[in-house]
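The block underneath contains the structure these notes are about, expressed in structure tokens.
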Amino acid sequence: MALIEAALSAAVAAARPVLSAAARRAAPLSCCASYSAAASSSSFSCGSGDIEDSPPLPIPTPRGQSLLARFRGRRALAVTDITATEWCEKQMEFVLEHGRPERTQAMKAGSERHAQLEQEVIERVDVTIRSAEEMWAVKFMNFIVGANQLMLEGITRELPVFGVIEGSWMIGVIDELQMPPDGVSLHPILVDTKTRYKPTPPSEAQKRNGRLQLMCYKYLWDNLIGEKFPAENFFSYFDLDPNYLLSDDIKQFIRLLGLDAKTLEDVLKYFKVTCHTLPRSQEQLLLRYELQADHSLLEEYLFSYDASWFKDQIQEVLSFWQGARDAKFVSEEERWKCSFCKFANNCPINASSSRCC
DNA sequence: ATTGCTGAATGG
């Protein structure tokens, strides 16, 4: 174990700008993989050539299935699925049913700024991902490298995390983790930088949304380092083969980091060893708001993790996803959100406009 | 080809 740690440390220290992997699919995944939830018209050249008189029809998706089953079957909910739902459940529903609206200029600027911040500490390396197993292997490797960077250099960005919250698999990317200066504390602080188009202070709804996001990350990080990662459940839930042989491309990427792995299970072992060495995160979380125009600081918002508030929020969001109830509309005080929503014209909350006496 | 499907987040 000491050897593994030494190897990791050496690798991370040597490769000054830490390596990460940009997952880019060269080709669609193998034809019969369970990816196409909505098996549409796309070319499904799966073995059997002709469709005979009584082909094994794809199971028609029964109505009344939960959104979780329909849109996130055998997949994890993203942390941003949680926050998008908290923002407006009806809008989340529209996005699932009708697809994402076009990205705004503000969103593009935000993405660019985040890429810039990431580049300050991370060098991206492209690897081709051919399967779900390889996707997870890369996620684990990026976690290992990022966590080691945090401990050695005091900071890391865009760190992937995953785990189970209130019974549901979740996945997310921590914007930033930073060790406190000196020996003040051994516990890293979670930070999220929000860029703003206008120099106005963030609304309460935005801050609440950001709090929820950061609490998701803290929960996932603390659970990973607490070594509660349910490996057996992980492989079966995502239908992964632990013994899947990684491609030479991926193996080479792993070797760049001083490790040697042939299978996804090998990678998971390194991951577990790394998790054992990491400290819990601080109870204090930080949202940092900056102006897109000049990156000037608009507000720094420090707040505390609140386990019971967090649990309630997650349960509320999950009850929507699980179909326990219909989507809720925004509250009267937050009706202003509708003016930013692409689906406002089709939304029942605005039913008065279309039908007049 | 930044968003789609099948990356998670981007902002309000």
Side-chain angles (χ1 to χ4, degrees), chain A residues 20-31 33-44 71-84 86-88 91-92 95-96 98-118 124 126-132 134-139 142 157-162 169-176 192-210 212-214 216-217 220 238-239 287 289-292 298 330 334-344:
Chain A
S20 178
R24 190 155 288 251
R25 297 233 149 97
L29 300 167
S30 56
C31 70
S34 58
Y35 278 92
S36 50
S40 56
S41 56
S42 57
S43 52
F44 250 103
F71 297 102
R72 296 293 185 272
R74 288 211 172 274
R75 287 176 55 195
L77 270 175
V79 168
T80 47
D81 287 331
I82 301 297
T83 57
E86 194 277 335
W87 182 260
C88 175
Q91 185 184 48
M92 183 77 244
V95 167
L96 292 171
H98 299 100
R100 290 190 178 89
E102 219 173 60
R103 299 169 81 250
T104 62
Q105 282 306 311
M107 290 163 95
K108 290 176 185 173
S111 296
E112 277 174 33
R113 175 60 176 148
H114 275 261
Q116 184 185 5
L117 286 169
E118 180 191 314
R124 292 194 89 98
D126 278 356
V127 295
T128 302
I129 291 174
R130 299 165 207 279
S131 64
E134 293 189 343
M135 186 197 73
W136 281 104
V138 168
K139 276 194 216 297
N142 282 339
R157 293 205 168 113
E158 305 296 327
L159 187 82
V161 283
F162 21 80
W169 274 97
M170 306 238 180
I171 192 162
V173 178
I174 297 175
D175 186 30
E176 180 178 325
D192 204 306
T193 299
K194 301 291 184 195
T195 74
R196 294 177 68 75
Y197 182 67
K198 287 182 173 176
T200 52
S203 65
E204 182 50 38
Q206 287 171 318
K207 291 203 277 192
R208 186 182 66 232
N209 205 243
L212 180 58
Q213 185 179 10
L214 277 178
C216 285
Y217 296 146
L220 292 171
F238 294 107
D239 197 20
L287 278 165
Y289 292 91
E290 66 169 49
L291 186 61
Q292 289 184 350
L298 290 171
V330 292
E334 296 184 1
R335 278 292 292 272
W336 54 267
K337 287 178 177 175
C338 301
S339 60
F340 297 97
C341 179
K342 302 296 177 296
F343 303 103

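Please read all numbers here as calculations on a predicted model, not as lab measurements. In what follows, every chain begins at residue 1, and chains take the letters A, B, ... in the order their sequences are listed.
Contact annotation for A:Tyr289: no contact, since no heavy-atom pair falls under 4.0 Å across all strands. In this structure, A:Lys108 reaches neither bases nor backbone, as no heavy-atom distance under 4.0 Å exists between it and the strands shown. Contacts of A:Arg113 with the nucleic acid, taken as non-hydrogen atoms under 4.0 Å apart, are absent. Counting any heavy atom pair closer than 4.0 Å across all strands shown, A:Thr195 reaches sugar-phosphate atoms only and no base atom. If you check every strand for non-hydrogen atoms under 4.0 Å, A:Gln91 touches a base.
One atom, CG of A:Leu287, and another, P of B:dG12, lie 13 Å apart when rounded to the nearest Å. The separation between A:Lys139 atom NZ and B:dG7 atom P is 9 Å, rounded to whole Å. Spacing between atom CD1 of A:Ile174 and atom P of B:dT10 amounts to 12 Å, rounded to whole angstrom units. Taking atom NZ of A:Lys194 as the reference point, atom P of B:dG11 lies 6 Å away to the nearest angstrom. Regarding A:Asp192, its CG atom lies at a distance of 13 Å from the P atom of B:dG12, rounded to whole Å. Rounded to whole Å, the distance from CG on A:Asn209 to C1' on B:dG12 is 9 Å. In this structure, A:Leu212 places its CG atom 15 Å from C1' of B:dA8, rounding to the nearest Å. Rounded to whole angstrom, the span from the CZ atom of A:Phe340 across to the C1' atom of B:dG12 amounts to 5 Å.
By the 6.0 Å contact criterion, CZ on A:Arg100 is open, its count of non-hydrogen atoms from other residues, nucleotides or ligands being 12 or less.
Taking the side chain of A:Met107 as heavy atoms from C-beta on, and the options B:dA8, B:dT10, B:dG12, the nearest nucleotide is B:dT10. Closest contact between the side chain of A:Tyr217 and the listed nucleotides B:dG12, B:dG7, B:dA9 involves B:dA9. Taking every side-chain heavy atom of A:Gln292 into account, B:dG11 is the closest of B:dG11, B:dG7, B:dT3.
For A:Gly99 and A:Gln213, each mapped to the nucleotide of DNA chain B holding its nearest heavy atom, the one lying further toward the 5' end belongs to A:Gly99.
Here the closest non-hydrogen pair linking A:Leu291 and A:Tyr197 is CD1-O, 3.8 Å.
Here A:His114 reaches the OP1 or OP2 of B:dT10: one of its side-chain N or O atoms lies under 4.0 Å away. Side-chain nitrogen and oxygen atoms of A:Thr80 include at least one within less than 4.0 Å of the OP1 or OP2 phosphate oxygen of B:dA9. The phosphate of B:dG12 (OP1 or OP2) has a side-chain N or O of A:Arg196 nearer than 4.0 angstrom.
Distance check, rounded to the nearest 0.5 Å: CZ of A:Phe343 to SG of A:Cys88 gives 10.5 Å.
Not counting sequence neighbours, the partners of A:Gln206 by the side-chain hydrogen bond (donor to acceptor under 3.5 Å, both in side chains) test are A:Arg196, A:Ser203. Remark: A:Glu204 engages A:Lys207, A:Arg208, A:Arg211 in a side-chain contact (heavy atoms from CB on, under 4.5 Å) (not counting sequence neighbours).
B:dT6 sits 24 Å from B:dG11 when the C1' atoms are compared, rounded to a whole Å. The C1' atoms of B:dC5 and B:dG12 are separated by 26 Å, rounded to the nearest whole Å.
Aromatic ring orientation, A:Phe238 versus A:Trp136: tilted (interplanar angle from 30° to 60°).
A donor N or O paired with an acceptor N or O is found under 3.5 Å between the base of B:dG12 and the side-chain atoms of A:Trp87.
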